Amino acid sequence: MSDRLVAAIADMREEEALGLVREMLERGVAPMAILDAAREAMAIVGQRYQEGRYFLPELLLSGEMLSQITDILKPELARLPEVKRHGKVVIGTVKGDIHDIGKNIVSFMLDVNGFDVLDLGVDVSPEAFVAAIKDSQAQVVGLSGFLTLAFDAMRETVRAIEKAGLREGVKIMIGGGQVGEEIRQYVGADAYGQDAMAAVALARGWVGAR
Amino acid sequence: MGKQLSPDEKREALWQGRLSPKDPQGNALQFQSPEAEKAYRERVQRVKDAIEMEKLPDRVPVTIFPSMFPWAYAGMTVEEAMRDYGKCAAAFKQFVLDFEPDIHWGAAAPGPSKCYEILDYRLYSWPGHGVAPEHCYQCNEGEYMKADEYDALIQDPSGYFSHVYLPRVFGALAGLPMLPFLPGIVEIYGVAFNFIPFALPPVQETFRALFEAGAEALKWAGAIASADAELATLGFPTLLGGFTKAPFDFIGDTLRGTRGIMLDMYRRPEKLQEAMEALTPLMIKMGVASAQMTGNPLIFVPLHKGADGFISDEQFREFYWPTLKEVILGLIEGGCVPLPAAEGRYASRLEIIQDLPRGKTVWMIDLTDMAMVKETLGQNACLLGNVPSALLKVGTPEEVTEYCRKLIETAGRGGGFILANGSFFDEARPENVKAMVEAARKYGAY
Ligand code: B12
């Protein structure tokens with residue numbers, strides 16, 4: 001049955017997936033096992049995205065299914081179990097910019113690939129990035145931005161991280177539509193990523209995960 | 001009633017109107033010098049030839065299609081440009097005079113902040129109103145149309161807008177839902193009852209806001225139009241007649257939002273399709289009517305959620321392209337020249353979108369590889385753009401010149417190309433923008 005659940009989620013059959021979860025609970029399947037199946041399915045979705053078979057609708061719908069499943073399971077689980085994570089990433093769209101579709105994909109892919117992601121949202125000030133890095137002790141920072149104005153905002157954010165004395169402790173990657181090597185140099189980041197897969201590869205390389 | 005013009009005749013009439021421009025009184029436009037008059041005609045003709053792909057223009061035309069750059073260049077914040085209409089128009093005029101593009105796109109981009117304030121516009125935040133003075137306005141994405149409202153939208157799009165959508169995005173229009181159902185005023189029995197709502201205080205307040213906002217918009221439009229008019233007398237034409245949207249983006253950008261529409265593709269695909277079909281004639285009308293009103297043939301169609309990376313090719317074929325294609329063909333039928341902007345990357349869509357009549361459209365290309373675009377879409381459509389914003393912002397003039405030279409070589413071959421930036425930029429080194437314009441003169445002669 002848990003195989004059927006994995007397939008239903010991975011193949012985007014929402015009603016069937018939710019029905020299966022309820023049925024499994026009634027039959028006494030352990031909530032943890034259900035959650036594991038859901039996570040397995042999310043990894044498949046990530047894989048298919050990486051292969052260019054899935055796109056935004058599938059990422060959003062699977063995310064939606066996962067959160068509905070967690071809602072159903074919450075009362076059954078005393079505490080949502082912690083998953084072992086490779087490392088922490090703070091990510092956000094920089095100040096003055098509100099484009100978040102690409103950044104959300106990056107967050108999603110980092111998450112399904114085992115990173116602890118702290119997503120600060122959009123229009124995030126340099127100060128907010130600095131505060132989040134301090135609080136979370138993240139090893140990796142992701143800056144997303146699209147507008148030409150965002151290039152300056154990225155640069156200011158990197159400066160603010162330096163000023164706060166945090167630059168040594170973090171690796172900074174940038175990305176978003178128009179961002180390339182020239183912008184990386186301009187901003188003073190450690191790397192730029194063309195897509196979400198690149199973001200995962202960079203983060204993996206930096207925290208030494210497999 | 002005059003005789004019905006064919007689509008080609010309608011389009012030619014618009015072009016002829018541009019080639020022999022009139023002043024607001026309907027008299028022949030008085031140019032400031034014979035040179036200005038000559039330059040004006042040459043510029044329009046150059047762009048027309050590039051678009052129609054029948055004969056080669058004298059050289060590759062060049063344009064700058066910015067976001068807030070003209071105002072940043074003037075040393076002005078976006079907030080000032082939105083507040084002071086005179087300054088906004090003057091800065092734009094100076095920008096065109098300094099950079100001398102073959103065509104310009106008008107000074108409407110900043111818009112009137114006071115008008116939005118009066119209306120308590122909630123869909124956007126803008127500088128001085130939730131956004132820093134030097135930043136561009138920001139769309140507050142959300143589900144302004146609920147998932148269960150498709151039927152209402154499909155059955156009566158205008159009614160849905162007036163009674164549901166507009167009051168949601170404009171705080172000051174809270175009285176609109178109280179307005180009567182207008183077809184109820186069909187005969188004498190319907191008159192008195194249906195006029196009662198106009199006596200209600202919320203409705204009257206709404207109308208007061210509308211009057212005020214309208215007056216403000218008119219003031220703004222006057223300033224913007226006078227810049228266009230003066231630039232014309234100095235030899236600088238604009239061809240932008242209005243804008244419309246792909247039905248998928250119309251729903252996905254500001255009604256259901258990205259998340260909403262992407263989920264709808266799975267949860268209620270038939271409703272989504274039906275709504276896009278219902279909107280298609282309205283999207284066509286939106287473009288055709290404004291081209292007729294402004295006398296300008298180009299209708300801008302910014303494309304958002306069909307780009308590479310958003311949806312699969314099959315989803316593009318199923319959800320995005322059919323109604324967009326209908327809109328493009330409808331605009332052509334109405335005598336317009338559609339200008340879709342293929343924002344971001346469009347590599348995987350080129351084969352699908354190339355199926356269009358020759359010489360009737362201009363495509364703005366952002367980051368897609370131009371050699372590839374030229375071989376596909378570019379066989380039948382004029383291309384515009386592809387100079388990267390990032391290069392204009394952080395590159396050197398020499399790098400820009402070199403980029404443009406190569407671009408002209410690839411995309412300019414055989415005509416059908418207008419040199420321009422690929423995406424709408426706020427900031428750039430002015431000398432880089434200048435280098436782009438000069439490259440057309442240096443390397444663009446046919
Ligand atoms: C959707 C969209 C919008 C939506 C935003 C909705 C939202 N919630 O994000 C709306 C309509 C609101 C909008 C508004 C505006 N937009 Co806009 N928008 C786009 C559009 C069409 C798509 C962007 C997108 O989501 N792409 C899809 C994702 C999947 O791709 P991606 O973003 O590139 O992300 C991938 C990679 O870049 C990478 N990545 C992303 N982030 C990160 C971070 C890290 C750390 C790493 C490693 C990798 C990485 O991974 C992602 C997944 O593979 C682009 C054009 C385009 N197609 O690129 C214009 C574009 C970005 N917008 C632009 C502009 C100018 C604006 C406006 C100013 C327009 C205006 N005048 O109103 C406003 C500005 C609002 C603001 N202040 O931010 C310009 C920017 C131009 C420039 N830089 O020169 C663009 C390029 C359009 C253009 N061709 O001119 N926009």
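Side chains are part of it too, since the values below use all heavy atoms of this structure and drop only hydrogens, waters and symmetry mates. Every chain is numbered from 1, with letters handed out A, B, ... down the list of sequences. What you see is a predicted model, and the numbers here were worked out from it, not measured in a lab.
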Fill in: chain A contact via B:Y266 - side chain, backbone, both or neither, heavy atoms under 4.5 Å
side chain

Item to complete: State yes or no: are the ring centers of B:F424 and B:F65 separated by less than 6.0 Å?
Response: yes

Practice prompt. Check each atom of B:N140 against the heavy atoms of chain A and say whether the ones under 4.5 Å are side chain, backbone, both or neither.
Written response: neither

Worksheet entry | Contact origin within A:N104 toward chain B - heavy atom pairs under 4.5 Å | neither

Practice prompt. Start with the C-alpha gap between B:H104 and B:F92, add the side-chain angles, then the distance that decides, and say whether ring-ring contact (aromatic ring centres under 6.0 Å, His included) holds.
Written response: CA-CA 10 Å; B:H104 71 80; B:F92 186 77; 5.4 Å; yes

Discussion item. Counting heavy-atom pairs under 4.5 Å with chain B, which one of A:R53, A:E15, A:K95 comes out on top?
Written reply: A:K95

Discussion item. Check this for me, if you would: do B:R259 and B:E141 make a salt bridge, where the nitrogen-to-carboxylate-oxygen distance has to be below 4.0 angstrom?
Written reply: no

Fill in: Closest-packed option against chain B by number of heavy-atom pairs under 4.5 Å, given A:F146, A:F55, A:F151
A:F55

Worksheet entry | Choice from B:S389, B:P127, B:G422 maximising heavy atom contacts with chain A below 4.5 Å | B:S389

Practice prompt. Considering only NZ, NE, NH1 and NH2 on the basic side and carboxylate oxygens on the acidic side, decide whether B:K245 and B:D249 come within less than 4.0 Å.
Written response: no

Response to the item:
Under 4.5 Å to a heavy atom of chain A? For B:V394 that would be side chain

Worksheet entry | Residue B:L367 versus chain A: region with a heavy atom under 4.5 Å | side chain

Practice prompt. Please state whether the rings of B:F316 and B:W321 are parallel, tilted or perpendicular, taking 30° and 60° as the class boundaries.
Written response: parallel

Fill in: Option in A:L147, A:V179, A:D123 with maximal non-hydrogen atom pairs under 4.5 Å from chain B
A:D123

Worksheet item: Quick one: what part of B:S423 sits under 4.5 Å from any heavy atom of chain A, side chain, backbone, both or neither?
Response: side chain

Worksheet item: Heavy-atom distance under 4.5 Å to chain B: side chain of A:E182, backbone, both or neither?
Response: both

Item to complete: Select, from A:D195, A:D152, A:I105, the one with the greatest count of heavy-atom pairs under 4.5 Å involving chain B.
Response: A:D152

Worksheet item: Aromatic rings B:Y116 and B:Y121: how do their planes relate, parallel, tilted or perpendicular, breaks at 30° and 60°?
Response: tilted

Worksheet item: Where does A:E64 contact chain B at under 4.5 Å (heavy atoms): side chain, backbone, both or neither?
Response: side chain

Discussion item. Looking at A:E26 and A:R22, is there a salt bridge between them, counting it only when a charged N and a carboxylate O are closer than 4.0 Å?
Written reply: no

Discussion item. What I want to find out is whether B:E402 reaches B:R405 closely enough, with some N-O distance under 4.0 Å, to be called a salt bridge.
Written reply: yes

Worksheet item: How are the rings of B:F99 and B:F95 set to each other: parallel, tilted or perpendicular (split at 30° and 60°)?
Response: tilted

Worksheet entry | Top of A:I98, A:L60, A:L59 for chain B proximity - count of heavy-atom pairs under 4.5 angstrom | A:I98

Discussion item. Check whether B:Y144 forms a cation-pi arrangement with B:R256 (NZ or CZ under 6.0 Å from the six-membered ring centre, at most 45° off the ring normal).
Written reply: no

Discussion item. Which one wins on heavy-atom pair count under 4.5 Å against chain A: B:E343, B:E314, B:R267, B:R345?
Written reply: B:R267

